[in-house]
Asker: 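Please read through the structure below; I'll follow up with questions.
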Amino acid sequence: MEFLKSIKDSYIKAVADCFGVHLESDEILINETRKEFEGDYTFVIFPLVKKINKSPEEIGNAIGNWLLTHESNVIAHNTVKGFLNLSLSLSFWSRSLAGVSQEPRYGYSAPNGKKVMVEFASPNTNKPLHLGHIRNILLGWSCSKILKANGYEVINTQIVNDRGIAICKSMLAWQRFGQGATPESAGMKGDHFVGEYYVRFEQEFVQEYQGFQFTDMGIAVYEAKKKEGQDMATFFKEYKNTYFNTYSEMGAAAKAMLLAWEAKDPEITSLWAKMNEWVYQGFNVTYENLGVTFDSLYYESDTYLLGKKAVDDGISKGVFYREDDGSVWIDMEDVGMDKKIVMRSDGTSVYITQDIGTAQQRYADYGIDSMVYTVADEQDYHLKVLFEILKRLGEPYAADLHHLSYGMIDLPTGKMKSREGTVVDADDLIAEVIGEARDMSAERGEIAALPKEEQEDILRQIGIGALKYFIIKVQPKKRMIFDPKESVDMQGQTGPYVQNAYVRIQSILRKSGTDHAGQPYSISDIHDNEKTLIKHLLNFPGIVADAGKQYDPSAIANFAYALAKDFHRFYHEVRILNAESEDAKSFRIALSKEVGRILWCAFDMLGIEMPARM
RNA sequence: GGUUCCGUAGCUCAGCUGGAUAGAGCAACAGAUUUCUAAUCUGUGGGUCACAGGUUCGAAUCCUGUCGGGAUCACCA
C-alpha cells in the first residue's frame, strides 16, 4: 500500500519547502489520530522543533497548509500541541480499499530467495504430548507460516527424541508387565499406551526403592552417606538417582537395555521400533488434530552419534581444546559464557555435540540460510551456547540462527508437575474444547440443519480455534497461566469471536450474491467505522513484516482481534445490504469482503481455520 | 551467588524502534434484537504501569539500582 507512503513523502517535501530541512523517512513518526481529536492520521512534530527552532504550533500549521495545497489526499488539518492532525479525502479511502482488493497477495511478500528451517514439537517418545507441547507446536507452526508470508522458503522439522533411558523404561515395563498387550488390544492411542508403561516403570521402581530403604544395605547406605543431621526420608529423596544408577535392579535392567540398544541387539531394537511406532501413530493423530505437518524429521537415534567430526574439526581450527583426560572443551568466557564440554573423556558425545552434528546435517540436507529453534526458555543458555559454537566453527548459516524461546505454562493451581499428575494432556484438552464448542453450538442451533459431517467439522474448527487463539495470543517469551475454564471461552477476546466476524461476512457475501461483488462505487460519505477498518487493512502488511522480524505470532493474533472487533461494531452500526445507496452498498460489501479476507489470512498465519458458518 | 527473562485493572492479557488523558477481554452492574446470525453491540465502575533514581520538551516504553517471581549455571537430555 503506497498511499501512506505518498503522504509521508509529501511531508518530507513540505518540511524541505517550508523550512529547508531534509528529513529521512525513518525520522518521521506517523500515528493514527486518537479518537478524541479531529483527523485521520497524525504527524508528531516535536522532533522538528530543535531542527527548525520554531514553536510546534507554527511548524505544524505551516506543514499543514503546505499539504493542503500540494497533497490532494489532505483535506483539512489542525495542530494541537506538537501533533499535526490530518484529515484525508474520500478518494484516499476508496482508492486505498481498491488498492487492497486489487492485490491478490496483499500482506504477503514476494519470495526473498532465503531458505529457513523451523524446528518445533520435538517430543520424547516415552509419553504423550501435553499442554507445553501444544504451545510449542502452535508457536512453531505459526512462525513457519509467518516466515512464509514474509517470502521465505520454509522447511518444518523436528528432532524426535526416540532413544535414551526414558524409552527404555517404557520398554522394560512393557516386557515385564505388558503380557504382549498392544494399543489395539488395550483400545488405546499408542502414545498413551506407551506412556502408561513409563508410569508403570516409575511406580514399580519407587516400590523397589522403598523396599531397599529398610534392608540392611539401605540402612548402611544411609548411615554412611547421610549429611549431618539428615533424616532418612530426606536422604532417600535426594539419593534416588544414585540408587537408580547403583543398587537398583530395575535401574540396572533399564541401563542394560540402553546398552543393548546401542549395541544394536536385534530383540531390543525390534521392541524399540515397535513401541516407537505405536507412539508415532498416536502423535500423528494429535498433529492432525492440531493441523500441523512436517517436511522433514530427524530422529535422535540417527543423529546421536553425529557431531564427533565437528569436534575433530573444531580442535584443528582451535575452537575446541583437549584436556589431559581426553575430554574436549570450548572456552567462551571471553563472551561471558562458561567453559563447556563437547566430548566426554570416554569419547562419547554430550547433548550439545549432537545438536552441532544435527545442524550440520540439516545444512548438508537442505542448504538452509537460517534456522529457528522453537524451544522453551529453560534452554535459553543451551541454545546460546550452541549458536556461539556454530558461529566459531564458521558454519555458513551461523549468523542467522534464532531461538524462538517461550515461557512455560502454569496452571491456576501452580506449575504442571508430572509427579503430581497435574500435567494437562494434549488429547484430553482437544477433546474438551471441541466438546465445549458442541455445547455452545447446541444452545444456538445455527448449524443444526447442516449435514452431520459438516457440523462436526465446524465444531472442531471452533473448539480448536478457541484453544489455539487462547495460547497464541500471548507473547511467546511470557510465561502464561492456562486456565482450562477460560481456554474454552468463546466470547470476548477469543478465537470464535474472530471466526464469528468472518462468518458474518461470509453470510453477507452469500446473500449479496454476485450482484454487488466487485461492482464499482463512488461514495459521497464515509463512516468512522469504515475508515477504521481501512486503516486496519493498511496496517496489515506492516504487522506481518513485524511479526516475522520478531518471530511473534501474538502480534498477528492481536491484530486479528482488533480488526474483528471493529468489524463487529461496523456491522452493528451500519447497514450493509440495506445501505442508503447502491454505491454505499457496493462499497461496504467490498470493504467487508476485504476484512474477511484479511481475517482469514491472519488466522491462517496462526494456524487457525475459519468456519464458513457457525 | 553469577547470568537471564518476567512484574500494567480483582483475574487473563495488549501497549514497549520514547509521543496526546495507559487499552481490551473476563468477572460485576445497567441497557440494545419488527433489522445483514446476539459466539454481537452500547454504557458504568475498576490503575502510585512493582519501587527508587536518571536521560528527555515528553518515559509503562530507554539506562542504573532495589524488591518480588521464574529459568539456568552437569563428563543429564
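Lettering of chains follows the sequences in order, A, B, ..., and the numbering in each one begins at 1. Just so you know, these numbers use all the heavy atoms, side chains as well, and skip hydrogens, waters and symmetry mates.
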Asker: For RNA chain B, which residues of residues 331-342 of chain A approach it to below 4.0 angstrom with any heavy atom?
Answerer: D338(A), I341(A)

Asker: Have a look at T348(A) and say if it touches a base, only the backbone sugar-phosphate, or nothing, with a 4.0 Å heavy-atom cut-off.
Answerer: nothing

Asker: May I ask you to say what M480(A) touches in the nucleic acid, namely base, sugar-phosphate or nothing, with a heavy-atom cut-off under 4.0 Å?
Answerer: sugar-phosphate

Asker: Sort and list the pairs that fulfil side chain to side chain donor-acceptor pair (under 3.5 Å) and have at least one residue in residues 495-507 of chain A, not counting sequence neighbours.
Answerer: R504(A)-H568(A)

Asker: Quick one: do E530(A) and R588(A) make a salt bridge, cutoff under 4.0 Å?
Answerer: yes

Asker: R163(A): what forms a salt bridge (charged side-chain N to carboxylate O under 4.0 Å, His left out) with it, not counting sequence neighbours?
Answerer: E262(A), E300(A)

Asker: Quick check for you: among C41(B), C75(B), A20(B), whose closest atom lies nearest to any side-chain atom of S327(A)?
Answerer: C75(B)

Asker: Given that both distances must come in under 3.5 Å, which nucleotide forms a Watson-Crick or G-U wobble pair with C75(B)?
Answerer: none

Asker: Which whole number of Å gives the distance between the C1' atom of G7(B) and that of A14(B)?
Answerer: 15 Å

Asker: What nitrogen or oxygen pairs link the protein and nucleotides 7-9 of chain B at under 3.5 Å?
Answerer:
residue, atom, partner, partner atom, Å
G7(B), OP1, K478(A), NZ, 3.0

Asker: In terms of side-chain heavy atoms of R344(A), which of A39(B), C76(B), U37(B) is nearest?
Answerer: C76(B)

Asker: Hey, does N85(A) reach any base, or is it just sugar-phosphate, or nothing, if we go heavy atoms under 4.0 Å?
Answerer: base

Asker: Determine which pairs satisfy salt bridge (Lys or Arg N to Asp or Glu O under 4.0 Å) with at least one residue from residues 478-501 of chain A, sequence neighbours left out, and list them in order.
Answerer: D410(A)-R479(A)

Asker: Could you check which of A38(B), C13(B), G15(B) has an atom nearest any side-chain atom of V474(A)?
Answerer: C13(B)

Asker: So, using salt bridge (charged side-chain N to carboxylate O under 4.0 Å, His left out) as the criterion, who are the partners of K549(A) when residues are at least two apart?
Answerer: none

Asker: Looking at every strand, decide which applies to E300(A) at a 4.0 Å heavy-atom threshold: base, sugar-phosphate, or nothing.
Answerer: sugar-phosphate

Asker: Base, sugar-phosphate, or nothing: which does K384(A) touch, judged by heavy atoms less than 4.0 Å apart?
Answerer: nothing

Asker: Let's see if you can work this out: which of A20(B), C41(B), G19(B) has an atom nearest to the side-chain heavy atoms of F37(A)?
Answerer: A20(B)

Asker: Between C57(B), C75(B), U12(B), which nucleotide gets closest to the side-chain atoms of I481(A)?
Answerer: U12(B)

Asker: Mind checking what makes salt bridge (charged side-chain N to carboxylate O under 4.0 Å, His left out) contact with K531(A), not counting sequence neighbours?
Answerer: D40(A)

Asker: For V49(A), report the nucleic acid contact type (base, sugar-phosphate, nothing); a contact means any heavy atom under 4.0 Å.
Answerer: nothing

Asker: Please table the atom pairs, donor to acceptor, closer than 3.5 Å between any side-chain atom in residues 436-446 of chain A and protein atoms at least two apart or in another chain.
Answerer:
residue, atom, partner, partner atom, Å
R438(A), NH2, E456(A), OE1, 2.6
R438(A), NH2, E456(A), OE2, 3.2
R444(A), NE, M440(A), O, 3.2

Asker: For a quick check of understanding: with a heavy-atom distance under 4.0 Å over all strands, which category does E446(A) fall into, base, sugar-phosphate or nothing?
Answerer: base

Asker: Please pick, from U35(B), A39(B), C16(B), the nucleotide with the shortest atom-to-atom distance to any side-chain atom of N500(A).
Answerer: A39(B)

Asker: Give the rounded distance in Å between these two atoms: CZ of F244(A) and C1' of C76(B).
Answerer: 12 Å

Asker: How would you label the contact of R34(A) with the nucleic acid (heavy atoms, under 4.0 Å): base, sugar-phosphate, or nothing?
Answerer: base

Asker: Are there any protein N/O atoms within less than 3.5 Å of an N/O atom in nucleotides 62-65 of chain B, and if so, which ones and at what distance?
Answerer:
none

Asker: Indicate every side-chain donor-acceptor pair of residues 319-331 of chain A with a distance under 3.5 Å to a residue at least two apart or in another chain.
Answerer:
residue, atom, partner, partner atom, Å
R322(A), NH1, G326(A), O, 3.1
D325(A), OD1, S327(A), N, 2.9
D325(A), OD1, S327(A), OG, 2.6
S327(A), OG, W329(A), NE1, 2.8
D331(A), OD1, E333(A), N, 2.8

Asker: Write down the distance separating the C1' atoms in G2(B) and G15(B), rounded off to the nearest Å.
Answerer: 33 Å

Asker: Who is the Watson-Crick or G-U wobble partner of U64(B), with both distances under 3.5 Å?
Answerer: A52(B)

Asker: Does the base of C75(B) carry an N or O that pairs as donor and acceptor with the side chain of S345(A) under 3.5 Å?
Answerer: yes

Asker: Could you tell me whether Y381(A) contacts a base, only the sugar-phosphate backbone, or nothing, with contacts defined as non-hydrogen atoms closer than 4.0 Å?
Answerer: sugar-phosphate

Asker: Report the base-pairing partner of A30(B) (Watson-Crick or G-U wobble, both distances below 3.5 angstrom), or none.
Answerer: U42(B)

Asker: State the pairing partner of C36(B); accept Watson-Crick or G-U wobble contacts with both distances under 3.5 Å, and report none otherwise.
Answerer: none

Asker: May I ask you to say what F46(A) touches in the nucleic acid, namely base, sugar-phosphate or nothing, with a heavy-atom cut-off under 4.0 Å?
Answerer: base

Asker: Strictly below 4.0 Å, heavy-atom distances to any atom of RNA chain B: list the hits from residues 548-564 of chain A, or just say none.
Answerer: N558(A), Y561(A)

Asker: Could you tell me whether P47(A) contacts a base, only the sugar-phosphate backbone, or nothing, with contacts defined as non-hydrogen atoms closer than 4.0 Å?
Answerer: base

Asker: Just grab all the ring-ring contact (aromatic ring centres under 6.0 Å, His included) pairs involving residues 331-351 of chain A, residues at least two apart or on different chains.
Answerer: Y351(A)-H382(A)

Asker: Do R460(A) and E609(A) meet the salt-bridge criterion of a basic N to acidic O distance under 4.0 Å?
Answerer: yes

Asker: Under 4.0 angstrom, heavy atoms only, what part of the nucleic acid is I165(A) near: base, sugar-phosphate, or nothing?
Answerer: nothing

